[in-house]
Amino acid sequence: MTISNHPGSESPSDAIKFILDGEVHAVRDLDPSTTVLNYLREELRRTGTKEGCAEGDCGACTVVVGELDDDRVRFRAINSCIQFVPTLDGKELFTVESLRAPDGGLHPVQEAMVECHGSQCGFCTPGFVMSMFALYKSEESPTRQRINDMLAGNLCRCTGYRPIISAAERMYESADEGDRVWLARPWSSRADAEASAGEREMVARLRTIERPGTLSYIGPSPWGGFRTFFAPRSVSELAALRQGHPDAYLLAGGTDVGLWVTKLHRDLDSIIYTGNVEELKRLELSDTHIEVGAAVTVTDAYELIGEHYPDMGEMYRRFASPPIRNAATIGGNVANGSPIGDSMPGLIALGSSLVLRRGEESRELPLDEFYLAYQKNALEEGEFVERVRIPVATPDRRFGMYKITKRFDQDISCVCGAYSLKLDGDNRARDVRVCYGGMAAIPKRATQCEQTLDGQPWSEETLALAMEALDRDFTPIRDMRASVEYRRLITRNLLRRFFLETSGFAGETRVIEHGGS
Ligand SMILES: Cc1cc2nc3c(=O)[nH]c(=O)nc-3n(C[C@H](O)[C@H](O)[C@H](O)COP(=O)(O)OP(=O)(O)OC[C@H]3O[C@@H](n4cnc5c(N)ncnc54)[C@H](O)[C@@H]3O)c2cc1C
Ligand code: FES
Ligand code: FES
């Protein structure tokens, strides 16, 4: 559809279309790097959604998106402060105002908040209500621990959390059966549940705005001229756009890129969004590998990875917050390549590789060869990450992964250590891979330590030598998260912990509760 022609642009723009309050909402002539939060508050004057931090940390801006997943709908809480408006194309948006019943009545979530005294000054309340609404729509009877986890991305400075958590337990009491979608666990048990009438209506609504091909949106830049936003549907379209627009920024979940705009005030004049590319959203299991498309969210990816490697699943609970994990992708985490990113140490220790794509050609590269220097990776011009390949677990492999932070929830690693080895019949360590985040400018293997362990008995004596070797592997940095001495000590101690857990001294079971790893 031709909406507008911006001076200097050769082609007409599509409109961004999403559903709001049951109606199709078409957006034109808007800077494509406008955040959903700013759009809601400044353009639509829906001021229920609040701004606290503008960087995904506080949850005051939480909204919910509903999107098609085959013939079902998934509801996800996200942080509207770091999502750009064109990413809503093809989705349904729910804000706190959307929960109002036609007769003005409260939603069961809101009713429960009132009954449990879950609000004082009210600033955080819309965000909490929307996180609870996403839970209400998606899960039938979450445990208290699950509720805690799902609200970990919402901060309240005055009410305290107990009444809010009680409200999340209470909200189901007045629930209308037909209103819920009953996706107990979206990945594995979707087929067990029938779609409700409400869900079927929503599927039909979303189908009316389903886009067969690329969204090509052109909007004004605040500095004059125009900006472009492309959202391809297939990997071939993405590959062609990537080659045709080498200066465009790739955008996936936006949990890093969003902050470039809200905090660093960078101008992103051209963006290519990977979040609608079907092939990149695939998560597949073969006999040998877990294949994770680059646009699979951290939520979905770690649910499956955690079934094979429980330590990765445990780490996932501590990766940011649910709204961040619902948007953040594995491809974005890996491509961003932060030295303190959480996926890389584990993936590298497991011997994972990346499938990189340029045009119609693909190549496979071991993940540990991808990082060249701080914020420099092996991607060539026009190339992008298509998927991550993770070897499946085998009975002889031992794997451990530990994230060390100052706070249990919502904190960035000061050190993250991951360990993988096989024990042969003589209890000798084979195929040893040790990788740390937070110890160098890139996620880095501890090669001296690996060599010390490889082929040696898995014993206290070998462990002592391997711990010494770690000092030769790294020259740690000092920053606000930890001192050099602390990093050295914790790196050694995590290796020791892995030894104790895999040599029978610490038993098999390890439950990490609040208070840190
Ligand atoms: C509040 C908050 C908490 C966080 N906590 C954590 C945490 O605990 N652990 C952690 O590891 N990270 C954390 N992060 C960082 C961030 O969430 C992750 O790095 C995330 O995985 C990035 O993924 P994304 O899809 O949002 O990437 P985006 O922000 O969309 O992109 C990140 C980078 O990857 C590039 N890119 C994206 N997809 C591709 C592709 N397919 N091919 C090539 N390049 C690509 C982009 O161009 C960009 O340079 C946090 C962020 C926030 C805001
Ligand atoms: S405003 Fe704090 S998470 Fe968005
Ligand atoms: S009620 Fe005041 S911040 Fe939560």
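Start at 1 and go down the list; that is how both ligands and their atoms are numbered.
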Nearest non-hydrogen protein atom to atom 17 (O) of ligand 1, with distance, is Thr255 OG1, 2.7 Å
Between Cys53 and atom 4 (Fe) of ligand 2, is there a contact where an N/O/S atom of the residue lies under 2.8 Å from the metal?
no
Can you list the ligand 2 atoms lying under 4.0 Å from a non-hydrogen atom of Gly56?
3 (S)
Under 6.0 Å from the ring centre and within 45 degrees of the ring axis: does the NZ or CZ of Lys444 meet both conditions for the six-membered ring of Phe474?
yes
Numbered atoms of ligand 3 (with element) below 4.0 Å of Cys124, judged on heavy atoms
1 (S), 3 (S), 4 (Fe)
Is atom 2 (Fe) of ligand 3 under 2.8 Å from any N, O or S atom of Cys156?
no
With a 4.0 Å cut-off on heavy atoms, is Leu280 in contact with ligand 1?
no
Identify the closest protein heavy atom to atom 3 (S) of ligand 2: which residue and atom is it, and at what distance?
Gly59 N, 3.2 Å
From the options Arg389, Glu364, His289, select the one residue that forms a side chain to side chain donor-acceptor pair (under 3.5 Å) with Ser353.
Glu364
Contact partition for Thr329 relative to ligand 1, non-hydrogen atoms under 4.0 Å
both
At a 4.0 Å cut-off, with the gap strictly under it, does some heavy atom of Phe319 reach an atom of ligand 1?
yes
Check Asp368 with Arg433, please: is the shortest side-chain N to carboxylate O separation under 4.0 Å?
yes
To the nearest 0.5 angstrom, please state how far the CE atom of Met312 sits from the CE atom of Met401.
5.5 Å
Tell me the closest heavy-atom pair linking Tyr217 and Val27, and the distance in Å.
CE1-O, 3.8 Å
Compute whether any side-chain donor of one residue and acceptor of the other, for Glu237 and Ser234, lie under 3.5 angstrom apart.
yes
Give the numbers and elements of all ligand 3 atoms closer than 4.0 Å to a heavy atom of Cys158.
1 (S), 2 (Fe), 3 (S)
Indicate, as side chain, backbone, both or neither, the part of Ile412 found under 4.0 angstrom from ligand 1 when only non-hydrogen atoms are considered.
side chain
Atom 4 (Fe) of ligand 2 to Cys81: any N/O/S contact under 2.8 Å?
yes
Aromatic contact between Phe75 and Phe94, with the criterion being ring centroids under 6.0 Å apart: yes or no?
yes
Counting heavy atoms only, which part of Ala54 comes closer than 4.0 Å to ligand 2: side chain, backbone, both or neither?
backbone
Ligand 1 contact on Ala320 by region, counting heavy-atom pairs under 4.0 Å
both
Got the closest protein heavy atom to atom 36 (N) of ligand 1, with its distance?
Ala335 CB, 3.7 Å
Taking only Lys NZ, Arg NE, NH1 and NH2, and the carboxylate oxygens of Asp or Glu, determine whether Asp311 and Lys403 approach each other closer than 4.0 Å.
no
Select the closest option to atom 38 (N) of ligand 1 among Ala252, Gly254, Cys81, judged by heavy-atom distance.
Ala252
May I ask you to test the Val96-Lys50 pair for a side-chain heavy-atom distance under 4.5 Å?
no
So, does Leu379 sit close enough to ligand 1 that a heavy atom of it is under 4.0 Å from the ligand?
yes
Sub-4.0 Å atoms of ligand 2 with respect to non-hydrogen atoms of Cys58:
1 (S), 2 (Fe), 3 (S)
Would you check if the distance from the ring center of Tyr419 to the ring center of Tyr436 is below 6.0 Å?
yes
Ligand 1 versus Phe84, non-hydrogen atoms closer than 4.0 Å: side chain, backbone, both, neither?
neither
So, Glu383 and Arg358, do they make that salt bridge, N to O below 4.0 Å?
no
Side chain, backbone, both or neither: Arg242 near ligand 1, heavy atoms under 4.0 Å:
neither
Below 4.0 angstrom from a heavy atom of Thr159, which ligand 3 atoms are there? Numbered from 1 as shown, please.
1 (S)
Are Asp269 and Arg227 close enough for a salt bridge, meaning some N to O gap below 4.0 Å?
yes
Atoms of ligand 2, numbered as shown, that sit under 4.0 Å from any heavy atom of Cys61
1 (S), 3 (S), 4 (Fe)
Ignoring hydrogens and angles, state whether a donor on the side chain of Gln83 or Asn79 is under 3.5 Å from an acceptor on the partner side chain.
no
At under 4.0 Å between heavy atoms, is it the side chain or the backbone of Leu37 that contacts ligand 2, or both, or neither?
neither
Output the list of atoms in ligand 3 that are nearer than 4.0 Å to some heavy atom of Gly122, sorted by atom number.
1 (S), 2 (Fe)
Specify whether the nearest protein heavy atom to atom 34 (O) of ligand 1 is under 4.0 angstrom away.
yes
Give the residue and atom name of whichever protein heavy atom lies nearest to atom 7 (C) of ligand 1, and the separation in Å to one decimal.
Asp342 OD2, 3.5 Å
Report yes or no: do Thr405 and Arg318 form a side-chain donor-acceptor pair below 3.5 Å?
yes
Test salt bridge (Lys or Arg N to Asp or Glu O under 4.0 Å) on Lys406 and Asp411 and set out the steps.
CA-CA 7 Å; Lys406 287 190 171 173; Asp411 205 357; over 6 Å; no
